[in-house]
Structure formats: structure tokens, C-alpha cells
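Worksheet for the structure shown next.
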Amino acid sequence: MDNMPASSLLQSLNEAQCKAVTTDNPRLLILAGAGSGKTRALVHRMAWYVQQKGLLPSEILAVTFTNKAAKEMQHRLSQLIQVDPRSLWVGTFHAIAHRLLRYHSQEANLPDNFQIIDSEDQLRLIKQIVKQQGFDEESMPAKKVSYFISRNKEEARRANQCVVTTHESQILQAIYQQYEAMCFRQGLLDFSELLLRAYDLWQQHPDILAHYQQRFKHVLVDEFQDTNTIQYLWLKQLIHTNNAITVVGDDDQSIYGWRGAKIENIHQFTQDYHNVEVVRLEQNYRSTKVILSAANQLISQNEGRLGKELWTESEGKEKIQVYGAFNENDEARFIVTQIQQALRQGHDAQDIAVLYRSNAQSRILEQLLRQYDIPYRVYGGMRFFERSEIKDALAYLRLVRHQADDPAFERVINTPPRGIGERTVEKIREIAQTQQISLWEAAAYYIETTKGSKAVAQLTQFLGMIESVRVAQQSYSLPRLLEFLYQQSGLLDYYQLQASEKSESKAENLQELLIACQQYQEQVEADPSAILTQFLSDCALEAGSEIGDQPSSVVQLMTLHSAKGLEFKTVFIAGLEEGLFPSRHSMQDKKKLEEERRLCYVGITRAMNRLTLSYALRRGYGSYSAPTRLSRFVQEIPSALLNKINVSEPAATQNIRVNTSTPKSNNPFAIGSWVSHAKFGEGMVLNQEGQGESLRIQIQFKQAGCKWLVLSYANLKPLDTLRN
DNA sequence: AAGTTCCGAGTTTTT
DNA sequence: CTCGGAACTT
């Protein structure tokens, strides 16, 4: 163990940070603003307790929200003190819950080969239940049901504990009940179930809980503002008179309310425990004065904040650029040319980020970046473990591991196509349903009772194939098993033999998975019999992490959400328009709107030196383009901090309604102009598509409704009269 | 049963 | 635009 003098650990810390690191108070709340060094404080506090207070690293539990954050924390801690990574409990809530459940699967009433399912599997399962139980698929979309189930689990409510008021909630509850039973039968846990089970485990086994209460002398929680009810309940179980808890949070950076996070937990924490010490980290080491005051001004519009004003010593007078583009193309071009300039001035591409509200906005930016030959990288979107071919391969492994895994069975039964179609599967489902057995067993039964058809032969072969891989599992290493599986199932061949670009990349991904498998095998020292289960769990829990993501010098593109926790010298935020940012789904509700504002705050505070905000006066959604209004967030930033380029105030704040007077353009059928049709009467042009002969325009007629007409046939007459 | 086409919907995201 | 599902065709 290192024996650094105390001063060296505290050396580079400011007064508030020192306080946060060294206080003996066992109930500590660190309110840490953006860029104030919160991870630093947290990691140093851990090191401090090990070095000065004699804690063993194994007596510390540190919880984060993302795997990335967990890795970062582990990495930074290992730079301060020597730790055996295996003794350290640093991980996401889900990973730690998972670890507990593996250790205590028996007490948690779980089969030892229980499997974690992701949201996609969950949706499939729900869809099936809705169908099977004869509920209306229209009014009960799987998404809605999954939302209901997750929200209830997050509030620690089992199916029989949901609040049921309306007829609709009765149905939702019934589906939840079915879902619960189904997951239980098959040994499947969804993400919120991990948390709820871990909570139940401790609730029902005080002896186990007591063990962990004694073991973990210090519990630290990062991004506390993002905890949901069940996570906080779980933490509270663990906290005892003899152990310490440190939480770090920033109420202004709470951006996950829509998925159950409760900012109130920060406030609740000070109520639930006595003598909570609150340390505020308000000195920002990241951004210039201008950027910081813009952020402060913006966030001050929110109500009920815990109150905290960031300040900085750094100078930097460069104003925030605001660019009003004609349309999304112009916006992208502006951003990309600005980036090009910055690169020419010698800026490093990796110090530049473009942030946006929704993933869909990345496409046009990518297009232009490619055009300008600027290397870039898009974060988010489809991740490796979410790709269908990867999920197929993993589903095969799941089925090999646990044949009662119905979602896995469904997924691979006819992938690649092997002549077992919907009709056969439907029959198997029926058998499984009536006899309450797994699809695997039902398939075996079906083979026995149905003789002679082609599908039956295929089915027999399929079951035999899985079985043979299962047997091979005993003697094969993980990568070799996967290779054998590729070969037996024909999955890889299926993609390799097709000559499209898509299947080529799918085949590559499957190869990539093989490599990942090899690396996994080398890294993880696990019991050979357990390694498959472990690998599958880790794939499910770390689905988000990209494979082989080496940071290279490229421009970064990502949503505002995924930018949290990162910083860049130069930041562009695109699409600052009402309805896009803030999103139209959040504009009605004050709470949601405040969350959007926090999201904007997060975005602004990512920037160290230079920030550019942009918006488009018209934005196209597919073939449809509509005028926009400047986001209120830009207007909430004092003009003195802004350098407006090409911003024409009246145009930007123009009414959403299309100009109803005769358009200025010489095209009498431009969008917004009024026309007359012999049959349908008068109407307004809403949209147009195509060119020349096939140019079609969409018209909202006063009486006849909305129609698409081919201009060259419709014989439309322009109406010049002014209308209001 | 499998391949093709068409239609429509489309925040944010981690685990 | 682009993905996924349904509906349609072969």
C-alpha cells in the first residue's frame, strides 16, 4: 500500500474540495456544479479513507450510473493508490445488483443460470403476452406496457401492488402480472428487476443485509440526482449507524427525470439522515466567464433549485456565437465550415464537439463532414451489442446455456431462415402456453406428436444442433464454442454468402464478436463452466459500451444527453428551435421544460473556450419543411454575451403559421400560397415533392380536406387575394 | 415459407 | 431520411 503523505493527496485541491475529501462526517452531500471537479473529489475521498483512515479498498462501495463512469473512477483511483481491482466494488447500480444476485441466487429465488434481458427482449415478451391474452394491440402498445412495468418496478411495486384506478391500468396490471410470471418461469430479469430483486433480497434476508452493512464501511454515490426510487431505497437499506455514505450530485444536471430519476432524492437525503454535511463545489475549472455566466443565467430561470452559482477565475472574453441558418442544410454547412476553420487554425479535432437534441439531427451533419473530409465520430445510435446479428449470436449462446430461455428461442428458431415459419412457431407457442412449458420443451413435444412434415424435420435438426453445441460447451473454450456455433447454425455463412454491403458488415460484426470473446476469455478469470453465463450477463449489462473504442483525433458528434460528464474546448449546439430544443413533447409541462433547460445547461457547460449555438429558420422533417422559432433558451441568455450572426429577430420569432399573404417568391405554388382547384375549391399549399412533370404539391382545401396533387395535371389557379 | 414493397411513425438513454 | 412492421407477392 502506498504511503503518500496526506498533503500530497490534497495538494491540488481547493478549499471546498479538501473539505469534501477529508471530512469525517459519515453523511456527506457534495453539491458539485458542472466542471467543479466532482469525480476528482469523490476519488480523492476514497483514497483518503484508505490512506488516512485505514479502510481496505474492499470495504468501499462506489456506485455510478454508467459503465464508463465506473471505469473512469476505477482508473483514477488506481492512479492515486494501489488497489486490487478484484477487491474493489465500483460499478453501476445494475452491475452491483447483478453481482449480489449471482452470489445469492438461491436466497433470491433465482435459478443459477438466470439471464438478463434488455429492453428489446422485454418488448418482444410483452408483445407476445398482449397478443396471447387477447388484449387490444392498438391500445396496448408494448412500449406503453414496458413503461408501466418499469415505472412500477422502479417504485418498488410488484404487479399486485400497482395502483389501479382506471380500466386501462387494470389491463396494464394484468399484463404486468403475466410478464412477471413469465420472466419468473424462464429465469429472466429485466433491468429494473435487477434492482428490485436486489432490494427484495436484502428485505427478506436481514442476515445477508447485515453482512454487507458491516462489510461496506463507506458507500459513495456519483450522479445522485439521477437515482430513482428503488435505487435510493436500496442504498438506504445498506446505510447503517456504523457506515458512512457520501453522495455527489448536481440538481441542475438532472436530465433523466423521464426515465424515473428523482432529483428530490438529493433533498430527501438531507431529511432522511441527521447532521448531513453539505459541501458545495462552485468553482468551475472548465469554462470561460462568458460561457459560465450564460449557463448561470439560463439555469436561474428554473424554480426550486438547491441554489448554487458557479464562478471561475478564468478569463476569456470571446462571446457565444449564435447563428440563424436558413434551413438545416445551411446550419450544417455553417457548423462544418467553422470546424474546418478551427482545424486549419491548428485546433485538435477531438477538442471539438457538435451536440444536438435528437439523434436524427446527426445525419445531415455527417453528410457535410464527409463532404469536407473532416474525420468524425458519432456516439450513440446503434451500439455494437444492440445490432441484430450480434443479438442473434448471443441468443444462440443463451439458448445453449439455458434451453428454457423463450425469447432466445424465438429469436433464433428461424434465423437464419431454415424453413420453420410463423405457423409452426405459433403451434409451438400454443403447446407451451396450454401446458405451461418452455418453447424448447413444447418444440420437442411437437416433434413427438407430429410426424412427417418438413418443418418437423427442420425443427428436429434445430434442436439437435443446439444440443450438440451444448455438449461441445463442456470441452470448448468460449471463442471456440462461438465459432462452432457460427458454423453449426449457419449464421455467419448466411451473411457471408450475401453480396450486399449490409450483410458484409454484419458478417464483420460477427467476427468482431468472436474477437471480443477471445479478449473476454483472456481478461476474466472465471470458472470455465461459469464463463458463458458471465459473458452473457456482461454483454447485457454493458451493451452500451462500444467495442474497441480507441479515442482518436476526430470531431465528436453526440446528443446532449450523452455529452454529460464530458468537456470540449469547442462546442456547437445545433437546432436551438422551439419544438426541437426544447422538444415539443416537453413544452406543455413546466417540469419537463425545466428538464430541457437543464439539458441546455449541461450542453453549454461542456464548452471550455468556445461555444456556438445555431438554429434553422426552416427545418425539414423528411420531405416536409416548416418554419421554426428561435428557442426560448437562447433568448434567456443575456444578449451582451452573444454574438449574433445572421440572426434576424423578427423572422426568427415569426409566427409558426405560414405567411398567408401572397408569397414573395415568383412561384405561385410555393409552400404557403393559396390556390384554387376546379373541383376541390380553395386551399393552401402545405408541401411539395418531386420535380418537373412529377412535381406534386400537397394542398389543404377548405372543404375537401388535404390532398396531394400532381401540379401538371391539377390545373390549379393561384389566388392573389390577400387573406388573413 | 420467404422475399419484396409499402406505409407510417419518428425525443432524449442506461442498464 | 430510415427503420421496422405489416401486407403483399412469388
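Just the heavy atoms: all of them, side chains too, but no hydrogens, waters or symmetry mates, feed the values below.
- Atom OH of Tyr356(A) and atom C1' of dT11(B) are 13 Å apart (whole Å).
- Under the Watson-Crick and G-U wobble criteria, each requiring two contacts below 3.5 Å, nucleotide dT11(B) is left unpaired.
- The base of dT11(B) is not paired with the side chain of Arg357(A) by any donor and acceptor separated by under 3.5 Å.
- Between the side chains of Ser614(A) and Glu331(A), at least one donor N or O lies within less than 3.5 Å of an accepting N or O.
- If you take CD1 of Ile255(A) and C1' of dT13(B), they are 9 Å apart, rounded to a whole angstrom.
- In the interface, the side chain of Arg363(A) is not paired with the base of dT2(C) through any donor and acceptor atom under 3.5 Å apart.
- Among the nucleotides dT15(B), dT11(B), dT13(B), the one closest to any side-chain atom of Ser583(A) is dT11(B).
- Across all strands, Asp190(A) comes closer than 4.0 Å to no nucleic acid atom at all (heavy-atom distances).
- Comparing Ser562(A) and Arg418(A) along DNA chain B, the residue whose closest nucleotide (by nearest heavy atom) sits nearer the 5' end is Arg418(A).
- The CD atom of Glu154(A) sits 17 Å away from the P atom of dT13(B) (whole-angstrom rounding).
- When distances are taken from the side chain of Thr66(A) to each of dT14(B), dT13(B), dA2(B), the shortest belongs to dT14(B).
- Dashed line: the shortest gap from a side-chain N or O of Asn228(A) to OP1 or OP2 of dT15(B) is not under 4.0 Å.
- Ser586(A) pairs in a side chain to side chain donor-acceptor pair (under 3.5 Å) with only one of the listed residues (Glu595(A), Lys592(A), Glu596(A)), which is Glu596(A).
- Looking at heavy-atom distances under 4.0 Å, Asn359(A) makes contact with sugar-phosphate atoms alone, never a base.
- Aromatic pair Trp202(A)/His104(A): ring centres not closer than 6.0 Å.
- dT11(B) atom P lies 16 Å from atom CG of Leu560(A), rounded to whole Å.
- For dT11(B), the O4'-C1' to base torsion is within 90° of 0; the nucleotide is therefore syn.
- If you find the closest nucleotide of DNA chain B to Thr424(A) and to Glu596(A), the one lying nearer the 5' end belongs to Thr424(A).
- In this structure, the separation between OG1 on Thr628(A) and CG on Leu580(A) is 9.0 Å, given to the nearest 0.5 Å.
- In the set dT12(B), dT15(B), dA1(B), dT12(B) carries the atom at the smallest distance from any side-chain atom of Ser358(A).
- Here Asn67(A) does not reach the OP1 or OP2 of dT14(B): none of its side-chain N or O atoms lies under 4.0 Å away.
- Separating the CD atom of Glu366(A) from the C1' atom of dC1(C) is a distance of 12 Å, rounded to the nearest angstrom.
- The Pro417(A) side chain lies nearest to dA2(B) when the options are dA2(B), dT15(B), dA1(B).
- Across all strands shown, Ser192(A) has no heavy atoms under 4.0 Å from either base or sugar-phosphate atoms.
- Look at NZ on Lys131(A): it is 11 Å from C1' on dG5(C), rounded to the nearest Å.
- Taking atom CG on Leu189(A) and atom P on dT14(B), their separation rounds to 21 Å, with Å as the unit.
- Here Tyr256(A) and His561(A) bring their ring centres to under 6.0 angstrom of each other.
- One N or O donor and one acceptor, one from the side chain of Ser119(A) and one from the base of dT15(B), sit under 3.5 Å apart.
- Here Trp258(A) counts as stacked on dT12(B): its ring centre is under 5.5 angstrom from the base ring centre and the planes meet at under 30°.
- Between Tyr232(A) and Phe224(A), the ring center distance clears the sub-6.0 Å criterion.
- Which of dT15(B), dG3(B), dG5(C) sits closest to the side chain of Lys127(A) comes down to dG5(C).
- Going from atom CG of Leu599(A) over to atom P of dT14(B) covers 13 Å, rounded to whole Å.
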